J.: 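Okay, handing you the structure first.
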Amino acid sequence: MKWIVTSAWPYASDVPHLGNLIGSILSADAFARYHRLVGDEVVFVSGSDEHGTPIEVEAVRRGVSPKDFASANHKRISELFKAWGISFDNYTETESPTHIEFVRDHYMKVYRNGYVFTQVERVHYCPRDKRFLPDRFVEGTCPHCGFRPARGDQCDNCGRPLDSVELIEPYCVLCGGKTELRETTQWFFDLPKLSDYIMDYLERAELSENVVNFSRSWVRAGLRPRSLTRDSEWGIKAPFPGAEGKTIYVWMEAVLGYVSAIIEYFRVQGRPQEWRDYWLNPEAKTSFFIGKDNIPFHSIIFPALLKASGENYNEPNLISSTEFLTFEGQKFSKSRRIGIWIDEALELLPADYWRYALISMRPETGDVDFGWGVLEEKINAELNDAIGNFANRTLIGVQRFAEGRFELSRAELSPKYAQSLEAILRRHRDIGECYAKAEFRSSCRLILEQATEANRFLSVEEPWRLARTDRRRSLEVLYVALNALKALAVELEPITPRLADEIIAQAGFFRKRGGKPLWDDVSIEDDLPIEPKNVAPIVRKISAVELKAKLEELRTRKTQGKPPR
RNA sequence: AGCGGGGUAGGGGAGCCUGGUUACCCCGCAGGGCUCAUAACCCUGAGGUCGGUGGUUCAAAUCCACCCCCCGCUACCA
């Protein structure tokens, strides 16, 4: 099976925080890794979203070009993802020539097919900065409650959503000067024309419940045309006749990266036509990992854009959206420094510790609160005590009770223990099903159950005692334990790849495949004789109090030396 | 206001769609066991009117209605 796996594109204005990561990239990575394990052909892509006014403005503020600013951030973010063990086949950027070319071609197709029209709008313009201002960059007095300053998109006092044109005495956020309203022509995507198609798609596709509910309510309320262009310098030049000086609105451009990133991947591989086997092949599957704020773009606008091009693209098959992660009861906030950012996290703990904690508490059914206490609990009680310790006691068991060389074969196993193996396999299959459905919390729960059961098995069977009284039977017990360990290693691979590899290396599993795990091969028959090497604990406990202090120290050091991000 | 999500032992979560044996898991708490392993692991126990009220049903945490509380979104933030 061919799988396109994608995650939402991080905005390149800053390093992502843990909430950004779990919602999209980390979830997608677990999914991609699982599908590779079962032998699917996976292409996993994403990229940095580099265009748009916020980046342009931030770059100007720092006295660098938007391109340099975005590109520097892109490099930094890519490196961080590598350090996090994210297994992208292509992590690209919206400034990529392939992307720019694709977007322009795509919109010309959409245009020729009659899905684009123009409309004159009145938009705020700052004569001093010589730029048109998005709603966020205009403030003024709220027409509803008189509060000042109310932001152009919403009033912070009364909470009413606003249209920036309604603001009384509006001013430019950048320079504080008075704005004026100017007429400007914008190009629009005729989304309503595709309402029937979208409704039909939503019925047909196997999307998760929250995605379908949310999307349907949008369509029922009536789809509106989507503005496609902006009067902004920093972006992809709009290709439409007469649209000189306009750029494509970032939202409407970045989603097309799901296609362009796959094209680019195969170009780099030297097989420039092969992307068609993925995007234009009805046998291939597509999957999208996003936060809930992003649903309509993926379930409505993106499929509509694909359809409007007239090409036979695959539709999004699996859209997995998460709720939000909060940090110690509050929203992650860049300006107030609430939360942990993915660069800081790695200075505190190995990536796999974070990966385990985040995936096991992935906000699948509702918002989830992340805090130091929960982190400590997850790592110490689950990853260390249950999983890590089981690995250790099993491998040391082989060294002590089998003199370091284990070679009992399955045929010699008594029926009772053969049943224990069955139970392990059954759970292994269940875990696989959870991964396939992108229900990672359940995967984690069952993995923990696998470890707990295995621990119980050892406690009940007491191979350390059997070693003295019934050596043969103690080996049978070890057989089952080793099998559970192999299953665990494979099951952990999508979540904590390095820990999984560590178990595989210490035990010598998958030697015939160079240590590369395979989902369906959890029998240890091919691994015999098993001679554990360099056996050592794979996880160590953490202290939340120390970590918290360390983070604070880290931040103090940073703000002293360099300007804040 | 509208829409979406949530309210389950002291804390954190699953179960609800596809009603049905003693409501499950993790932490914490109280006893006990084991001593292979990482002050680890295993067992037993205490602790719940499953947000409220009413309804459907032989049977409701689960389905329906109304109400209360929390969170998010509402299309130009990306």
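Residue numbering restarts at 1 for every chain, and letters A, B, ... go by the order of the sequence lines. Since the structure is predicted, the reported quantities are computational estimates derived from the model, not experimental observations.
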J.: Counting the atoms with a prime plus P, OP1 and OP2 as sugar-phosphate, which does A:D385 contact under 4.0 Å by heavy atoms, base, sugar-phosphate, or nothing?
T.: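 If one applies the 4.0 Å heavy-atom cut-off, A:D385 turns out to touch the sugar-phosphate alone, with no base involved.
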
J.: Please determine, for the side chain of A:F324, which listed nucleotide (B:C26, B:C36, B:G72) has the closest atom?
T.: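 The listed nucleotide nearest to A:F324's side chain is B:G72.
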
J.: Taking the minimum atom-to-atom distance to the side chain of A:S459, which one of B:C36, B:C42, B:A78 wins?
T.: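 My answer, after comparing the listed nucleotides, is B:C42.
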
J.: For A:S299 and A:S215, test the side chains for any donor-to-acceptor distance below 3.5 angstrom and give the result as yes or no.
T.: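 Short answer, yes.
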
J.: Which nucleotide in the list B:C36, B:A14, B:G4 gets nearest to the side chain of A:R445?
T.: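 Minimum distance to the A:R445 side chain belongs to B:A14.
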
J.: Check every strand shown and say whether A:E121 touches a base, only sugar-phosphate, or nothing at a heavy-atom separation below 4.0 Å.
T.: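 Counting heavy atoms under 4.0 Å across all strands, the contact made by A:E121 includes a base.
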
J.: By nearest nucleotide on RNA chain B, pick out whichever of A:E323 and A:F137 is the more 5' one.
T.: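 Upstream on the strand: A:E323.
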
J.: Base, sugar-phosphate or nothing for A:G388? Non-hydrogen atoms, less than 4.0 Å.
T.: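 Since a base atom lies under 4.0 Å of A:G388, the category is base.
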
J.: Pick base, sugar-phosphate or nothing for A:E382, based on heavy-atom distances below 4.0 Å to the nucleic acid.
T.: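 Result for A:E382 = sugar-phosphate.
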
J.: Looking for any heavy atom pair under 4.0 Å, which part of the strands does A:G222 touch: base, sugar-phosphate only, or nothing?
T.: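 Base contact - A:G222 has a heavy atom under 4.0 Å of at least one base atom.
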
J.: Are A:R226 and A:Y249 linked by a side-chain donor-acceptor pair shorter than 3.5 Å?
T.: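 Looking only at side-chain atoms, A:Y249 and A:R226 do not form any donor-acceptor pair under 3.5 Å.
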
J.: With sugar-phosphate meaning primed atoms plus P, OP1 and OP2, does A:V374 contact a base, only sugar-phosphate, or nothing at under 4.0 Å between heavy atoms?
T.: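 Contact class for A:V374: none.
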
J.: Just call it for A:P463: base, sugar-phosphate, or nothing, with non-hydrogen atoms closer than 4.0 Å on any strand.
T.: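 Nothing: the residue A:P463, judged by heavy atoms under 4.0 Å, touches no strand.
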
J.: Under 4.0 angstrom, heavy atoms only, what part of the nucleic acid is A:V539 near: base, sugar-phosphate, or nothing?
T.: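 Since a base atom lies under 4.0 Å of A:V539, the category is base.
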
J.: Closest to the A:I538 side chain: B:C42, B:U38, B:A14?
T.: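 Out of B:C42, B:U38, B:A14, the nucleotide with an atom closest to A:I538's side chain is B:U38.
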
J.: Considering every strand shown, what is the Watson-Crick or G-U wobble mate of B:U74 when both distances are under 3.5 Å?
T.: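 Paired with B:U74, as far as the under-3.5 Å criterion goes, is B:A1.
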
J.: Counting Watson-Crick and G-U wobble pairs only, both distances under 3.5 Å, name the nucleotide matched with B:A65, or none.
T.: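 Matched B:A65 with B:U53 under the 3.5 Å cut-off.
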
J.: Taking atom P in both B:C29 and B:A65, what distance in whole Å separates the two?
T.: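 It works out to 44 Å between them.
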
J.: Looking at A:R226 and B:A75, is any side-chain donor or acceptor paired with a base atom of the opposite kind under 3.5 Å?
T.: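 Such a pair is found, so the answer is yes.
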
J.: What nucleotide among B:C42, B:U38, B:G11 has an atom nearest to a side-chain atom of A:E377?
T.: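 So the side chain of A:E377 is nearest to B:G11.
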
J.: Do A:R76 and A:S71 have side-chain atoms, one donor and one acceptor, less than 3.5 Å apart?
T.: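 Absent: no donor and acceptor within the cut-off.
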
J.: B:G72 and B:U56: how far apart are their C1' atoms, nearest whole angstrom?
T.: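 Each nucleotide's C1' atom is 33 Å from the other's.
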
J.: Between A:E50 and A:H74, does any side-chain donor sit less than 3.5 Å from a side-chain acceptor?
T.: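 Distance-only check fails for A:E50 and A:H74.
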
J.: A:Y249 near the nucleic acid: base, sugar-phosphate alone, or nothing, with a heavy-atom cut-off under 4.0 Å?
T.: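 The residue A:Y249 makes sugar-phosphate contact but no base contact.
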
J.: Please tell me which of the listed nucleotides, B:C77, B:C34, B:C42, lies nearest to the side chain of A:T452?
T.: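 It is B:C42.
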
J.: Are OP1 or OP2 of B:C34 and a side-chain N or O of A:R465 less than 4.0 angstrom apart?
T.: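 Indeed not, no polar side-chain atom of A:R465 lies that close.
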
J.: Angle class for the A:H298/A:F302 ring planes (parallel below 30°, perpendicular above 60°, tilted otherwise)?
T.: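 Tilted: the ring planes of A:H298 and A:F302 meet at 30° to 60°.
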
J.: Will you find, in the side chains of A:S7 and A:S46, an N or O donor that is under 3.5 Å from an N or O acceptor?
T.: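 Indeed, the side chains of A:S7 and A:S46 share at least one donor-acceptor pair under 3.5 Å.
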
J.: Does A:D367 reach a base, just sugar-phosphate, or nothing at all? Heavy atoms under 4.0 Å.
T.: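 The residue A:D367 makes sugar-phosphate contact but no base contact.
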
J.: Do the rings of A:F240 and A:Y107 sit parallel, tilted or perpendicular, given the 30° and 60° boundaries?
T.: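 Ring orientation, 0 to 90° scale: perpendicular.
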
J.: Pick the nucleotide of RNA chain B nearest each of A:K331 and A:D293; which residue has the one closer to the 5' end?
T.: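 In this pair, the answer is A:K331.
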
J.: In the strands shown, is B:A60 matched to any nucleotide by a Watson-Crick or G-U wobble pair with both distances under 3.5 Å, and which?
T.: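 The answer is none; no pair meets the criterion.
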
J.: What's the closest nucleotide to the side chain of A:N392 if the choices are B:U38, B:A78, B:G5?
T.: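 Given the options B:U38, B:A78, B:G5, the side chain of A:N392 is closest to B:U38.
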
J.: Of the listed nucleotides (B:G5, B:C26, B:C41), which one gets closest to any side-chain atom of A:L448?
T.: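 Of all the options, the side chain of A:L448 is nearest to B:C26.
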
J.: If you go through the side-chain atoms of A:R224, does one of them form a donor-acceptor pair with the base of B:A75 closer than 3.5 Å?
T.: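 Yes, a donor-acceptor pair under 3.5 Å.
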
J.: For a quick check of understanding: with a heavy-atom distance under 4.0 Å over all strands, which category does A:N455 fall into, base, sugar-phosphate or nothing?
T.: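 Answer is sugar-phosphate: A:N455 comes under 4.0 Å of backbone atoms only.
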
J.: Any donor-acceptor pair under 3.5 Å between the side chain of A:N384 and the base of B:U38?
T.: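 Such a pair is found, so the answer is yes.
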
